[in-house]
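Below is one structure, written out as structure tokens; comments come after it.
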Amino acid sequence: MNSFVFDKLPCGCEITAYEIGNDTVRATILNYGGIIQKLEYKGTDIIGGYDTLEGYQVSDGYQGALIGRYANRIRGGRFTLNGVEYQLAQNESARGNHLHGGNIGYDAKIWGVEYKQDNDGEHLVLTLTDPDGTENYPGTVEIKVTYSVCGEDFSIHYEATTDKDTPFNMTNHAYLNMNGIAGGQIYDQTLQVNADYMSKVDDALIPVDKIPVDGTAFDFRTPKLLSRELMFCDDEQMKLGAGLDHNLYITTDEATLYQGKKLAKAAVFAGKLGALTLYTDKPCVQFYAANFMEGDYPFKGGLKRERNGALCLETQFAPDGPNRGEAILKVGEKYDYTALFRFDA
Ligand code: GAL
């Protein structure tokens, strides 16, 4: 493991970058936001991100960051739990929703970091205490996120406990490009998803129904090109999302055993560098094709940020879960989910 000072906060506090991995897969992780700043496959960087902390702070999009306490949206920032109504920040102001944990989410926290190595590979264990009342969520949550590189596997293991029942739904917002992040838009790349159902959303991008993907633009059960035509097609749901920005329910018996857990084969994302297979024990994945990734602020090395220049595969519970009585972490329970990105060119 290598570590170096990545940047400094205005207070002078140092932000450290940690590199783990091997000749095939290498990851650079920051203690700020648990951000995956670099993810290299056979020497090519496949993830969006910046050279400085300023990039992550001034340019939105949650590049490579850990997301919580509740990933994706909660309608109106409101939910009722155990008879108490909670109002969270409506930080997605255009739609009035709570998005990705609120004004200061896990993407902007300083995480504790510990390095571990074993026969499987290298691991970085990130920890955070999220106190009761932060962003108006109930309960103090103790969180542990383990990033691992084991051979050609890159994984994120999320663990948490709480002292009061609370909505809890963590993910990572990695923007991936299987031609390499310098490889342009993803229109020549393919996506296959083992999902029979999707969330149908309204114009606030909040699920209103769970519908079969049959006959829709979201039937990825066989590999499909992430073409410009698909992103801009006439499908009403595609138009609402300004392209692919939808929650799919993973429905498959195909699985792998990883770190003692059975993980479902959720998706295969493939480009010139080969295929990346996502396995998870989370019920859903948000597929977001960087539809809002625009603006002047450049990526690492001065690279242009472009709409559809990457794909996010965000393992999660379906958006707005707390308003359906879902995705509640209860006192005494352990939150324990894994996302495994397996490179298999
Ligand atoms: C995604 C979400 C998008 C957008 C993005 C951040 O998870 O589905 O609609 O908000 O995060 O720019």
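Order of listing sets the numbers, starting from 1, for every ligand and every atom in it.
- In plain terms, the two heavy atoms of E54 and D7 that are nearest each other are N-OD2, 4.3 Å.
- Through side-chain heavy atoms spaced under 4.5 Å, either directly or across other Ile, Leu, Val, Met, Phe, Trp or Tyr residues, Y62 is tied to I67, L99.
- Under 3.5 Å, the side chains of Y137 and H98 contain a donor-acceptor pair of N or O atoms.
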Yes or no on side chain to side chain donor-acceptor pair (under 3.5 Å) for Y56 and Q63, after CA distance, side-chain angles and deciding distance?
-> CA-CA 7 Å; Y56 291 100; Q63 296 286 336; over 6 Å; no
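- Residues lining ligand 1 at a heavy-atom distance below 4.0 Å are given as G61, Y62, N72, R73, L99, H100, H173, Y175, D245, Q286, Y288, F292, E314, ordered by chain and residue number.
- F6 and Y115 are assigned to two separate hydrophobic clusters, defined by single-linkage of ILVMFWY side chains at heavy-atom distances under 4.5 Å.
- Distance OG1/T280 to CD1/I156: 9.5 Å, rounded to 0.5 Å.
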